Amino acid sequence: MTRSGGLLADALAHLKPLMDHERISEDARRRLSQPNRVVEVEIPLRMDDGSLRVYTGWRVLYDNTRGPGKGGIRFHPDVTVDEVEALSFWMAVKCAVVDLPFGGAKGGICVDPKQLSRLELERLSRGYIRALLDVIGPDRDIPAPDVNTNETIMGWMADEYRQAAGQHRRGVITGKPPGHGGSLGRTAATGRGALQVLNIWERRNGRGDDHPTVAVQGFGNAGFHFARLAHDAGYRVVAIADSRGAIYREEGLDPLPIWERKNKTKELAGEVYCEASVCSEVEVDHLTNDELLGLDVDILVLAALENAITERNVDSIRAKTVLEIANGPINNAADRALHERGVTVIPDVLANSGGVIVSHMEWVQNRMGDYWSELEIEQKLAARLGEQADLVFGRAVAEEESLRSAAYRQGIERIAIAMDGLGSERYFCGDTGP
């Protein structure tokens with residue numbers, strides 16, 4: 001590992017013990033220590049008042065050994081190139097963990113999208129695609145939604161690519177609206193997949209029938225759909241947090257009406273993004289995000305942003321199991337501390353893979369020109385995720401290692417096998433036969 005400092009360096013630190021394993025060649029170690037390609041673009045945006053602003057964006061392809069790059073685009077004022085590189089690395093591992101024919105990529109724009117009008121947001125989205133026409137494509141690098149982007153924004157981006165290319169290439173973007181090549185079941189896929197992984201783990205450990213308590217940090221698309229489905233499945237969701245604060249009710253919360261009330265405010269105000277908060281709920285206890293993280297619950301769900309748990313607050317965590325729906329919500333030092341205390345962490349590269357699995361299905365449907373029903377999508381998601389989760393969990397038990405180590409080993413070994421399939425240093429030095 002040659003990186004030092006930053007989010008990518010912390011992400012790569014998870015790999016160091018695995019990279020020393022004899023099954024990972026020196027070639028693979030070197031190639032996985034840094035991204036293949038980092039593109040930075042400046043995007044001029046004409047504002048509604050006639051003024052001009054310029055925003056910086058990135059697209060990072062970490063590795064494409066197993067297939068074209070795959071990964072979301074986030075709009076956030078704190079986006080940096082280091083963050084996008086780390087996210088692209090996690091995507092490379094994630095796609096390999098669930099055995100998809102994709103590499104890892106990610107994109108982002110450093111912008112506060114909540115300060116933009118709808119027309120400004122559309123112009124910025126289209127500008128991003130124009131700036132990256134030479135590096136994206138259905139066989140090269142395939143973007144998708146991420147933080148503060150959604151199917152409407154993906155639709156604008158796909159349409160901009162269509163206009164520039166002069167032809168429909170629907171597989172260039174996933175997470176599009178239905179009717180524009182989008183797949184049914186994509187919106188709820190990340191939350192649905194995370195619940196499935198959790199259910200498999202709970203059943204393997206003889207739990208799951210006693211209405212376990214759940215606290216959910218992050219009430220965006222993934223967090224909401226997980227909470228809704230978990231509530232319907234019999235989990236007791238006692239706490240929910242968004243960026244403005246958290247709410248708690250010991251007897252449990254019903255996420256659906258909370259979500260509907262929160263988004264009704266957005267519709268009435270004509271907002272692009274929801275400015276309302278779960279904190280407007282009544283007949284609940286109000287908490288800070290840190291207080292929610294420290295609740296004594298069976299399962300803590302991290303569905304917000306990276307580094308939610310670090311050395312600063314890891315000692316306050318009392319949950320028995322932590323489910324990572326966000327990317328990188330626990331840094332390396334905190335992850336080691338939780339493991340030493342016997343806290344089970346279900347890692348992001350497995351737990352949040354439902355979204356990219358259904359994105360792969362959308363890409364396949366776009367290429368064959370035929371589309372599956374939502375039931376078929378859910379069945380295919382359950383089959384793939386169930387098989388791959390069982391492999392990870394079985395490996396963890398057999399090797400007596402953490403779930404994160406087992407998942408990373410599964411992904412990294414698959415990438416390394418693909419890399420070495422074209423020849424490694426040992427092969428070219430004559431140490432092995434053809």
Side-chain angles (χ1 to χ4, degrees), residues 68 70-75 95 98 100 102 107 113 118-119 121-122 125-126 128-129 136-139 141-165 167-196 220-229 232 255-256 259-260 262-264 266-267 270-274 325 352-385:
K70 188 78 191 76
I73 301 167
R74 64 174 51 183
F75 292 175
C95 290
V98 292
L100 295 177
F102 287 143
R118 293 182 181 184
L119 289 174
L121 186 63
E122 180 182 7
S125 302
R126 290 178 179 273
Y128 179 83
I129 293 300
I136 64 170
D139 297 305
D141 185 353
I142 307 148
D146 199 82
V147 175
N148 289 329
T149 56
N150 56 27
E151 66 175 26
T152 299
I153 292 172
M154 294 303 107
W156 291 335
M157 290 183 172
D159 183 65
E160 189 64 29
Y161 189 91
R162 175 190 65 81
Q163 292 186 41
Q167 56 184 317
H168 281 285
R169 302 294 302 278
R170 286 181 165 174
V172 69
I173 301 277
T174 62
K176 304 179 297 293
H180 291 272
S183 176
L184 298 175
R186 175 62 181 85
T187 302
T190 303
R192 183 181 299 279
L195 178 61
Q196 181 186 348
N221 178 68
F224 159 65
H225 283 291
F226 170 85
R228 172 182 65 86
L229 294 167
D232 293 346
L256 181 57
W259 175 264
E260 290 174 341
K262 180 176 175 177
N263 282 273
K264 187 65 175 178
K266 178 182 75 171
E267 294 170 10
E271 297 168 344
V272 178
Y273 297 98
C274 186
I325 298 181
N352 70 17
S353 62
V356 73
I357 291 173
V358 177
S359 274
H360 172 254
M361 293 184 210
E362 181 175 326
W363 180 73
V364 169
Q365 291 170 92
N366 291 162
R367 295 172 74 89
M368 71 180 182
D370 194 14
Y371 293 83
W372 299 313
S373 69
E374 189 162 359
L375 178 58
E376 289 175 297
I377 295 291
E378 292 175 4
Q379 291 172 338
K380 291 176 185 293
L381 170 62
R384 179 180 289 272
L385 196 49

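Because only heavy atoms are used, hydrogens play no part in the values below, and waters and symmetry mates are left out as well, while side chains stay in. Bear in mind that the values here come from a model prediction, so they are computed numbers and not experimental data.
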Give the C-alpha distance, both sets of side-chain angles, the deciding distance and a yes or no for side-chain contact (heavy atoms from CB on, under 4.5 Å) between Gln365 and Asp370. CA-CA 5 Å; Gln365 291 170 92; Asp370 194 14; over 6 Å; no

For the pair Ile129 and Val172, evaluate side-chain contact (heavy atoms from CB on, under 4.5 Å) and give the outcome as yes or no after the intermediate values. CA-CA 11 Å; Ile129 293 300; Val172 69; over 6 Å; no

How far apart are the C-alpha atoms of Lys70 and Leu100, what are their side-chain angles, what is the distance that settles it, and do they pass the side-chain contact (heavy atoms from CB on, under 4.5 Å) test? CA-CA 10 Å; Lys70 188 78 191 76; Leu100 295 177; over 6 Å; no

Salt bridge (Lys or Arg N to Asp or Glu O under 4.0 Å) between Glu122 and Arg118, worked out: CA-CA 6 Å; Glu122 180 182 7; Arg118 293 182 181 184; over 6 Å; no

When you look at Glu376 and Ser373, which way does the side-chain hydrogen bond (donor to acceptor under 3.5 Å, both in side chains) test go after all the steps? CA-CA 5 Å; Glu376 289 175 297; Ser373 69; 3.3 Å; yes

Report the C-alpha separation of Lys380 and Trp372 in whole Å, then their side-chain angles, then the decisive distance to 0.1 Å, and conclude whether the side-chain contact (heavy atoms from CB on, under 4.5 Å) test is met. CA-CA 10 Å; Lys380 291 176 185 293; Trp372 299 313; 3.7 Å; yes

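Residues Thr174 and Ser359 approach most closely at OG1-OG, 3.0 Å, considering heavy atoms. Here the closest non-hydrogen pair linking Ser353 and Leu385 is OG-CD1, 3.3 Å. Taking all atoms of both residues into account, the shortest heavy-atom contact from Thr149 to Ile73 is OG1-O, 2.7 Å. Between Ile142 and Pro138, the shortest heavy-atom distance links the atoms CD1-O, 3.5 Å. Heavy-atom minimum distance, Ala144 versus Met154: C-SD, 3.4 Å. Nearest heavy atoms, Ser125 versus Met157: O-CG, 3.8 Å.
Atoms NE2 and CG, from His168 and Asn366 in turn, are 11.5 Å apart once rounded to the nearest 0.5 Å. Residue Arg186 holds its CZ atom at 10.5 Å from CD1 of Ile357, rounded to the nearest 0.5 Å.
Contact check for Thr190 versus Phe226: no side-chain heavy atoms found under the 4.5 Å cut-off. The shortest side-chain heavy-atom distance between Phe224 and Leu256 falls under the 4.5 Å cut-off. Side-chain contact between Val358 and Ile377 is present, with at least one heavy-atom pair separated by less than 4.5 Å. At least one side-chain heavy atom of Ile153 sits under 4.5 Å from a side-chain heavy atom of Phe75. In this structure, Pro113 and Asn148 have side chains that are in contact, with non-hydrogen atoms separated by less than 4.5 Å. By the 4.5 Å heavy-atom criterion applied to side chains, His225 and Thr187 are counted as neighbours. No side-chain heavy atom of Pro68 sits less than 4.5 Å from a side-chain heavy atom of Asp141.
With sequence neighbours excluded, the residues that form a salt bridge (charged side-chain N to carboxylate O under 4.0 Å, His left out) with Arg162 are Asp159. Partners of Trp156 under the ring pair (Phe, Tyr, Trp, His ring centres under 6.0 Å) rule, at least two apart in sequence or in another chain, do not exist in this structure. Here His360 pairs with Phe102, Trp363 under the ring pair (Phe, Tyr, Trp, His ring centres under 6.0 Å) rule; sequence neighbours left out. Residues satisfying the salt bridge (charged side-chain N to carboxylate O under 4.0 Å, His left out) test with Glu378, not counting sequence neighbours, are Arg192. Residues passing the side chain to side chain contact (heavy atoms under 4.5 Å, CB included) test with Ala165 are Tyr161, Gln167, sequence neighbours excluded.
Evaluation of the salt bridge (charged side-chain N to carboxylate O under 4.0 Å, His left out) test over residues 360-369, restricted to residues two or more places apart or in two chains, returns Asp139-Arg367, Lys176-Glu362.
Side-chain atoms of Glu374 do not come within 3.5 Å of backbone N or O of Leu184 as any donor-acceptor pair.
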